[in-house]
2 protein chains.
Amino acid sequence: MVATIKDVAKLANVAPSTVSRVIANNPRISEKTKERVREAMSELGYHPNFIARSLANQSTQAIGIVIPGSADKAFLNPFFPEVIRGISKGAHQKHYALHMSTGETDAEIMEGVVQMVEGKRVDGIILLYSQVDDKLTKYLLRKKFPFVIVGKPFKDVEHITHVDNDNYRAAKEVTEHLIQLGHERVAFIGGNLKLVVTVERLLGYEKAIRNAGLVYRDDYIIHAQFLKEGGQAAVQELFNLDEPPTALVVADDLMALGVLNTLDDMGINVPNDVSVVSFNNVMLSEVSRPPLTTVDINIFQLGYEASKHVIQLVEDPMDPIKRIIIPHKLMKRQSCREYVSTKKTTTI
Amino acid sequence: MVATIKDVAKLANVAPSTVSRVIANNPRISEKTKERVREAMSELGYHPNFIARSLANQSTQAIGIVIPGSADKAFLNPFFPEVIRGISKGAHQKHYALHMSTGETDAEIMEGVVQMVEGKRVDGIILLYSQVDDKLTKYLLRKKFPFVIVGKPFKDVEHITHVDNDNYRAAKEVTEHLIQLGHERVAFIGGNLKLVVTVERLLGYEKAIRNAGLVYRDDYIIHAQFLKEGGQAAVQELFNLDEPPTALVVADDLMALGVLNTLDDMGINVPNDVSVVSFNNVMLSEVSRPPLTTVDINIFQLGYEASKHVIQLVEDPMDPIKRIIIPHKLMKRQSCREYVSTKKTTTI
DNA sequence: TTGAAAGCGCTAACAG
DNA sequence: CTGTTAGCGCTTTCAA
C-alpha cells in the first residue's frame, strides 16, 4: 500500500490537516512541525494523490487540448505539433499538464469535451481551430468554462479570448505581392470553408484582387482539405480552365506541397510557369522543391500565448477577455517569380 | 450548482448506488428503473464527475505519454507527432484519454512521471524512447506500474513490454545496400549514443561493414543530435577527413536533412558525389532535394501497437510481457547512386 | 499554531 | 433487484 496523508500524520504525530497544510506550504504552520512532517513524508516515500486533491479542490492543474477532426488526421499537418509545442512550453512554466481526448467525428469530439468539462478533468481548454457556427464554442460559452481559441472566433469575438494572426491582412499582402510581380490571373486554393481561417484568408485575397482592379473569378477559388491531397485535386481543376492562373495563393503549406507535386507531374514549372505562395512556414516549406515562399505565422507563439492566457483565465476568472494578434512575416523563397507575358504562350 | 448523483437519485426516487449502477449499465437493474433514472439524468443535465469516479475507482481511463527531453524540442522531429497519432488512435478505440506532462531536464521529466504515477493521474504510461541506463524505466519497474516502451529497453528486455523495429537489421540492410552499390567508404552519422536506437543502428552498420571485409574506422562514426543542426556539424567533420566517405548512413531523416543542406552548401552533390540513406521516412524525406532513400519504420504503427498494449496491461495485469517488432522497409528514392571510382578523383 | 470533522462525488461491499 | 453505508485521499471550515 502506498502511504497516504494519514500515515504521514500518524508518523509525525499531527493531524492530517496539518500535513495538508505543510504540502500547501501554509505559513501558519511552525517551521518545527513542517520539518517533522517533511521527514515523515520522505521516510514513507509519500506523494500526494492528485486525484484526491482535485476532488477536494475542484482543480486539476491540467488543461485540455481540442484538435479538429481526429487527432489522427490533424497531426498529419505539422501545424498542430508546433502549436502544441508552444502550449506545452507555456503550460510547463505554470506547472500544468496537458490532456487530450480524441474523436473522429464532430459528435465524438463534442462528447470528449463534455467529459473533460463536466467530468472536471481539466481546468481550462484550448481550441486549436475555429469553425463557423461551432457548437463547442457555444457550449463552452454557456458553461462559462475558461477557454481560449487559437484562431478567430466566428461569433462573439468580444466574449472569447483568442490568439490569432491577422490572416486577412496576411492574405492581402501576399496577393499584393503576386500582383506586384505582374500576375493578373491569381487563383486561391483554400481549405475547408467552415474554418474561419480559410474565410479570412479568402477575404484578404479578394480584397487585394479588387483593389488592384482585377476580376474576381469564382472559378479561381477552390476549396479542399488542409492536407497534401487537397492541393492535388485543386490544381487539376484550375489547370483545366481555359485561362489557367499564373499564380496561386495556397492557404496552407501542406496543401502547397501537394500543389507543387501535381504541378511537377503535369510538367508545369514553378516558379517559371506559375508562382506559388502559401501560409504557415512549417519546416517542410523550406525543404520543398522549390522552397516555398510562405507566410510565417509564428505557430509556436500562437500556442505559447494561448496556454499563458487560458491559465490566467483559470486562475483569475475576472481576467478580461483578450484578443492577441501574433505578427506574421512573408518569407520570400523560390516559388515566386515575376510574370513575363511572353512566357505564357510558350509554356503551356 | 451542477447536478450530482444524489440529485439524480432523489429525483428518480432511488438510492445513489442505483444511479451509479445505471451509469455502469449494471445488468442487475431493471429496465424500468434504468429508464426512470435516465430520465432524471437528462432532466437535470447530469454528467458523472470523472475525478470522483477515479478516486473511488482507482482508475482514470487516461494513459500518460513521456517524451524525451522537452516536449518542446522533441516535437521538432516529426517522429513524435506521428507516434502520437498512432497512440491516439489506439487510445481512442478503447476510450482512453491522453495525458502529457512536460519537462526540460531529465529531473523534471522524472518528476512529471512520478506525479502521474504516484498522483494516480494515469493508468498506464508509454515511454516514447529508450535510453541507456534509464532511471525512469527502473522506477516504473520497481513500482510495477503498467508501461510500455516504444523502442528497445536497454536492460530487462524480458520484463518490459515494448514495441520496436529491428533496428539492427534495418541498419545492416541499408549499409549492405550501399556496399552493393560499390561504396567502400561508408560513414555513419548517429544521434545521441545514450539512446538505444542509436546503438542498435550503429551496431547494424558495423556488422555490415565487417561482413563486407571493409575497414571499420572510428573517424567515420559521428554522433550528434536528432535534429537538423545535428546533421550539419557532422558533415563538416567528415568532409575534412583525408579520405572523405562516398556514402552516409544517417540515423534520422531530420538529421539527414541537415546533412543534405550542408552538403549542398559545400558544393558536394547528392547522389553524384555522395550517397545518403537515413531512417524513419517522415514526410519530409519524400519532399527533400533530392528525395531521401530512407527506411520506413512505420511510426504510426509503433504508436498504435504501443497504446493497444499498455491498455491491455492496464486492464489485465497478468497480461504477459510482449515484444512487438514492427516491420520496416527500405524506400529507395534519389539520394543514392552507385559508386564510380573515376568520379571521385574528378569531384572532390 | 494545530486538531476534529465534514465534505468533494462516486463506487462497492453487504444486506435485504 | 435495490438500499445502506463506508470509504477513496485530500482540503477546509470551525474550534480550540
Side-chain angles (χ1 to χ4, degrees), chain A residues 1-41 44-62 114-123, chain B residues 1-41 44-62 114-123:
Chain A
M1 260 343 275
V2 253
T4 75
I5 208 172
K6 283 186 190 167
D7 303 318
V8 178
K10 216 163 285 171
L11 184 61
N13 257 312
V14 296
S17 47
T18 304
V19 178
S20 172
R21 290 185 184 110
V22 174
I23 296 171
N25 201 8
N26 186 319
R28 301 186 322 189
I29 298 290
S30 74
E31 274 311 318
K32 240 196 295 186
T33 27
K34 274 190 185 169
E35 212 30 66
R36 198 147 38 90
V37 170
R38 292 211 179 98
E39 264 171 31
M41 297 206 289
L44 295 175
Y46 170 79
H47 284 271
N49 181 322
F50 228 94
I51 298 289
R53 182 205 293 244
S54 294
L55 183 58
N57 244 358
Q58 310 281 39
S59 116
T60 61
Q61 293 275 98
V114 171
Q115 287 220 354
M116 283 193 202
V117 172
E118 228 80 41
K120 305 265 161 28
R121 293 188 96 170
V122 299
D123 295 339
Chain B
M1 259 344 274
V2 250
T4 77
I5 209 172
K6 283 187 189 166
D7 302 319
V8 177
K10 216 162 287 172
L11 183 61
N13 257 313
V14 295
S17 50
T18 303
V19 178
S20 173
R21 290 185 185 110
V22 174
I23 296 171
N25 202 8
N26 187 317
R28 302 187 319 190
I29 299 290
S30 75
E31 274 311 318
K32 239 195 298 186
T33 28
K34 273 190 186 169
E35 211 29 66
R36 198 145 40 88
V37 170
R38 293 213 178 95
E39 262 170 31
M41 295 206 292
L44 295 175
Y46 170 79
H47 284 271
N49 181 321
F50 227 94
I51 296 290
R53 179 205 294 243
S54 293
L55 182 59
N57 243 0
Q58 310 281 39
S59 117
T60 60
Q61 294 274 93
V114 171
Q115 287 220 353
M116 282 193 204
V117 173
E118 227 83 39
K120 304 266 166 22
R121 294 187 98 170
V122 298
D123 295 338

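What you see below is based on every heavy atom in this structure, not just the backbone, and it leaves out hydrogens, waters and symmetry mates.
Smallest separation of non-hydrogen atoms from A:N25 and A:K34: OD1-NZ, 2.9 Å. Minimum interatomic distance between A:A9 and A:P16 (heavy atoms only, all atoms of both residues): CB-N, 3.6 Å. Nearest heavy-atom pair across A:V22 and A:M41 is CG1-CE, 4.5 Å.
With rounding to whole Å, A:I51 atom CD1 is found 13 Å from C:dG9 atom C1'. Going from atom CG of B:L44 over to atom P of C:dG9 covers 14 Å, rounded to whole Å. In this structure, the CG atom of A:N49 is 11 Å from the P atom of D:dC8, given to the nearest Å. Rounded to a whole Å, the CD1 atom of B:I23 is 14 Å from the C1' atom of C:dA12. The CD1-P distance, from B:I5 to C:dG9, rounds to 11 Å in whole Å. When rounded to the nearest whole Å, the span between CD of A:Q115 and P of C:dC10 equals 13 Å. D:dA6 atom C1' lies 11 Å from atom NZ of A:K6, rounded to whole Å. Straight-line distance from the CG atom of B:L55 to the P atom of D:dG7: 14 Å, rounded to whole Å.
Taking for each of A:A15 and A:K120 the nucleotide of DNA chain C with the nearest heavy atom, the 5'-most of the two is the partner of A:A15. Of the residues near DNA chain C, B:A3 and A:R36, the one whose nearest nucleotide (by heavy atom distance) lies more toward the 5' end is A:R36. For the pair B:Q58 and B:N26, both in contact range of DNA chain D, the more 5′-proximal nearest nucleotide belongs to B:N26. Across the interface with DNA chain D, nearest-nucleotide mapping of B:N57 and B:T18 shows B:T18 to be the residue nearer the 5′ end.
Closest to the A:A56 side chain, of the nucleotides D:dG9, C:dT2, D:dT2, is D:dG9. Listed nucleotides: C:dT2, C:dA4, D:dG9. Nearest to the side chain of A:T33: C:dT2. Relative to the side chain of A:A52, the nucleotides D:dG9, D:dG7, D:dT2 differ in distance, and D:dG9 lies closest. Which of D:dT2, D:dG9, D:dT11 sits closest to the side chain of B:S30 comes down to D:dT2. Nearest to the side chain of B:T4, among D:dT2, C:dG3, C:dG9, sits C:dG9.
Across all strands shown, A:V19 has no heavy atoms under 4.0 Å from either base or sugar-phosphate atoms. The residue A:D7 sits apart from the nucleic acid: no heavy atom pair falls under 4.0 Å. Using a 4.0 Å heavy-atom criterion, one finds that B:F50 contacts no nucleic acid atom at all. Across all strands shown, A:S17 has heavy atoms under 4.0 Å from base atoms, whether or not it also approaches the sugar-phosphate. Using a 4.0 Å heavy-atom criterion, one finds that B:N13 contacts the sugar-phosphate atoms exclusively. Within the 4.0 angstrom heavy-atom criterion, base atoms lie near B:R28.
At a threshold of 4.5 Å between non-hydrogen side-chain atoms, the residues A:I23 and A:R53 count as touching. Residues A:S20 and A:I5 have side chains in contact (heavy-atom distance under 4.5 Å, counting atoms from C-beta outward).
Interface remark: the A:R21 side chain does form a donor-acceptor pair with the D:dT13 base, using a distance-only criterion of under 3.5 Å.
Note: A:T33 OG1 to A:R21 CZ = 10.5 Å, rounded to the nearest 0.5 Å.
The phosphate of C:dG9 (OP1 or OP2) has no side-chain N or O of B:R53 nearer than 4.0 angstrom.
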